[in-house]
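All remarks here apply to the structure that follows.
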Amino acid sequence: MSEEYDAVIIGGGVNGLGTAYHLGKKGSTDVVVLDKSYLGYGASGRNGGGIRQQWTSEENIKLALESRKMFEKLNEELEEDLEFYQGGYLVLSFDEEEAEEFKENVKRQNRLGVESEFLSPEEAKEIVPELDISEVVAATFNQSDGTIYPFKVIHGYANRVREMGIEVKEHTEVTDIVTDGEEIKKVKTDKGEIKTDTVVNAAGGWSSQVAEMAGAEIPNVPVRHEIMVTEPFERFLEPMVISFKHGIYFSQSEHGNIVGGIGNPDEEPGINQKGSLWFLKTFSDTLLDFIPRFSAVNMIRQWAGLYDTTPDAQPILGSVPEVERFYQVNGFSGHGFMVSPMVDKVTAELVMGEEPSMDIERLKVERFEDMDIEEEGAVVG
Ligand SMILES: Cc1cc2nc3c(=O)[nH]c(=O)nc-3n(C[C@H](O)[C@H](O)[C@H](O)COP(=O)(O)OP(=O)(O)OC[C@H]3O[C@@H](n4cnc5c(N)ncnc54)[C@H](O)[C@@H]3O)c2cc1C
């Protein structure tokens, strides 16, 4: 392989393919998406499909709100049923201090256009009657949140960008990004070289490694997160239920399976996608505290993926100081699927040299040197 493209996108997850889709919509199709494995090998094929607008930072609220609106139109655009089910997100609080923060979060979310509500434990139980609310202090709920089927989104994008004339190459690993001064000259892969002056780093948990190839530094660190699915049974759970205190989330898919995960606060950073017994035990014990009725259900599969974490749990978007035309769309922690439509649109605009639809100054990598960073407080796990 020895080729030339206007842009090379590294990563065949939702953000690499989504960025390609938005470039294609603008008529820029001299683009290749490369993945070292299969499409969805990264977190995009391993996540809970949760779409939530109940965030604390203005940036995340705006990204998630605009993205939710875009997801609502994506079935039609990709001509694919993406199983976007808006059964809401029920966020539970187990202490007074957190409940006070929830009140402030709801105010901020409402001001920015998210129609979340602050609820009493009894009101939360009306939404999920099987919930044990004996220790719940308060909750928030937003009906237009929900879940989506991640593989359908990835393959919907891949099919559409291929129809547009964009190349998508699986099993093609980027091994180096060659620069001359601040300019990108070519990308080296295990299948040959590609001439280009523009690279998008959508490599998820491997994004720091990819940045290093170009001589750039981003502070992202990969951390394993585990998840499971149960056998299907009669549908009774409408919303996704989460608790920041327990680090747990769970929802029931349209097909009846419970999908859920829990974070391990002692997880060591690093590339590790293996399942653990700790997860099986901790997740099932905690889940039963929330909904005792689940004791009769069998888990059928567990797996793990990487959160690509940053010091403030907010994404890194845009250019970097060291190299020209090297765009970042990474560092999403546990919420890179739900904000993907908007961040991918903005990334495509930046690649095209257009004014971005959203101000991303506070999401650029320079924030870690220049600004007082505000940590996102609503990360599960
Ligand atoms: C267990 C779990 C649950 C989650 N739940 C949710 C959720 O409910 N909602 C939500 O919004 N988010 C969730 N997330 C986070 C979300 O999945 C990610 O933020 C998002 O999928 C990131 O997508 P991406 O395209 O940026 O990266 P990824 O999907 O990780 O894709 C990166 C790709 O880059 C490829 N790559 C890496 N290095 C190279 C290289 N050198 N050359 C070529 N290719 C390379 C990889 O193979 C990979 O396919 C969850 C994550 C995990 C792990």
Side-chain angles (χ1 to χ4, degrees), residues 8-20 32-53 55 60 63-64 67-68 71 89 145-148 150-151 153-154 157 169-177 187-191 199-213 220 222-228 240 242 249-251 259-264 267 271-273 275 279 283 302-310 313 315-317 328-341 343-344 347 379-381:
V8 173
I9 298 176
I10 305 173
V14 70
N15 288 301
L17 292 164
T19 300
V32 63
V33 181
L34 305 176
D35 201 287
K36 63 178 179 171
S37 185
Y38 55 86
L39 302 180
Y41 169 74
S44 298
R46 299 164 184 267
N47 67 79
I51 307 294
R52 157 162 69 103
Q53 300 149 85
W55 290 94
N60 276 338
L63 286 173
S67 293
R68 185 268 294 167
F71 272 126
Y89 247 76
D145 291 344
T147 52
I148 203 159
F151 278 108
V153 178
I154 297 168
Y157 274 143
K169 292 182 196 274
E170 298 178 76
H171 304 288
T172 306
E173 180 165 7
V174 173
T175 53
D176 200 7
I177 299 169
V187 166
K188 287 188 179 176
T189 80
D190 59 354
K191 303 274 181 348
V199 171
V200 175
N201 180 2
W206 298 265
S207 54
S208 308
Q209 289 178 8
V210 166
E212 219 179 296
M213 291 178 194
N220 310 29
V223 180
R224 173 177 70 167
H225 274 259
E226 299 188 63
I227 176 167
M228 67 91 237
M240 171 84 88
I242 62 175
Y249 62 93
F250 54 91
S251 66
V259 177
I262 194 164
N264 181 351
E267 184 70 37
I271 306 271
N272 176 5
Q273 299 195 99
F279 169 76
F283 180 78
Q302 73 174 114
W303 66 97
L306 300 172
Y307 276 22
D308 181 36
T309 64
T310 59
I316 295 183
L317 301 182
Q328 309 306 303
V329 55
N330 51 53
F332 294 105
S333 190
H335 49 283
F337 217 96
M338 60 185 84
V339 297
S340 59
V343 297
D344 299 344
T347 305
V379 178
V380 190

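Heads up: numbering here begins at 1 and tracks the sequence. Keep in mind that what you see is a predicted model, and the values were worked out from it rather than measured. Every number for a ligand or one of its atoms is a count from 1 in the order of the listing.
Within the 4.0 Å heavy-atom criterion, neither part of Ser340 lies near ligand 1. Contact annotation: for Ala304 versus ligand 1, there are no heavy atoms closer than 4.0 Å. With a 4.0 Å heavy-atom cut-off, ligand 1 is reached by no atom of Thr189. With a 4.0 Å cut-off on non-hydrogen atoms, Gln209 does not touch ligand 1 at all. Only the side chain of Trp206 comes within contact range of ligand 1, with a heavy atom under 4.0 Å; no backbone atom does. Under 4.0 angstrom from ligand 1, the non-hydrogen atoms of Thr172 all belong to its backbone. Residue contacts with ligand 1, taken as heavy atom pairs separated by less than 4.0 Å, involve Ile227 solely via side-chain atoms from C-beta onward.
Here the closest heavy-atom approach between residue Ile271 and residue Pro222 is recorded as CD1-CG, 3.9 Å. Nearest approach of Ser340 to Ser67, heavy atoms of both residues: N-OG, 4.1 Å.
Checking only distances, Gly40 never comes within under 3.5 Å of ligand 1, N or O to N or O. The N/O atoms of Val14, backbone and side chain alike, include one that comes under 3.5 Å of an N/O atom in ligand 1. Every N/O-N/O distance between Ser37 and ligand 1 stays at or above 3.5 Å.
Ala202 counts as a contact of ligand 1, since one of its heavy atoms falls under 4.0 Å from the ligand. Residue contacts with ligand 1 do not include Trp303, since none of its heavy atoms lies under 4.0 Å from the ligand. Not a single heavy atom of Asn330 lies less than 4.0 angstrom from ligand 1.
The closest non-hydrogen atom to atom 36 (N) of ligand 1, taken over Arg52, Lys36, Met228, comes from Lys36.
Ring geometry for Trp55 against His335 counts as tilted: the plane angle lies between 30° and 60°, on a 0 to 90° scale.
Of the listed residues (Asp344, Asn201, Asn330), just one forms a side chain to side chain contact (heavy atoms under 4.5 Å, CB included) with Asn15, and that residue is Asp344. Among Val8, Leu34, Asp176, the one residue that satisfies the side chain to side chain contact (heavy atoms under 4.5 Å, CB included) test with Thr189 is Leu34.
The side-chain contact (heavy atoms from CB on, under 4.5 Å) test applied to Asp145 returns Arg52, Gln53, Gln54, Tyr89, Asn142, not counting sequence neighbours.
Contacts classified as side-chain hydrogen bond (donor to acceptor under 3.5 Å, both in side chains) and involving residues 33-42 (residues at least two apart or in different chains) are given here: Tyr41-Gln273.
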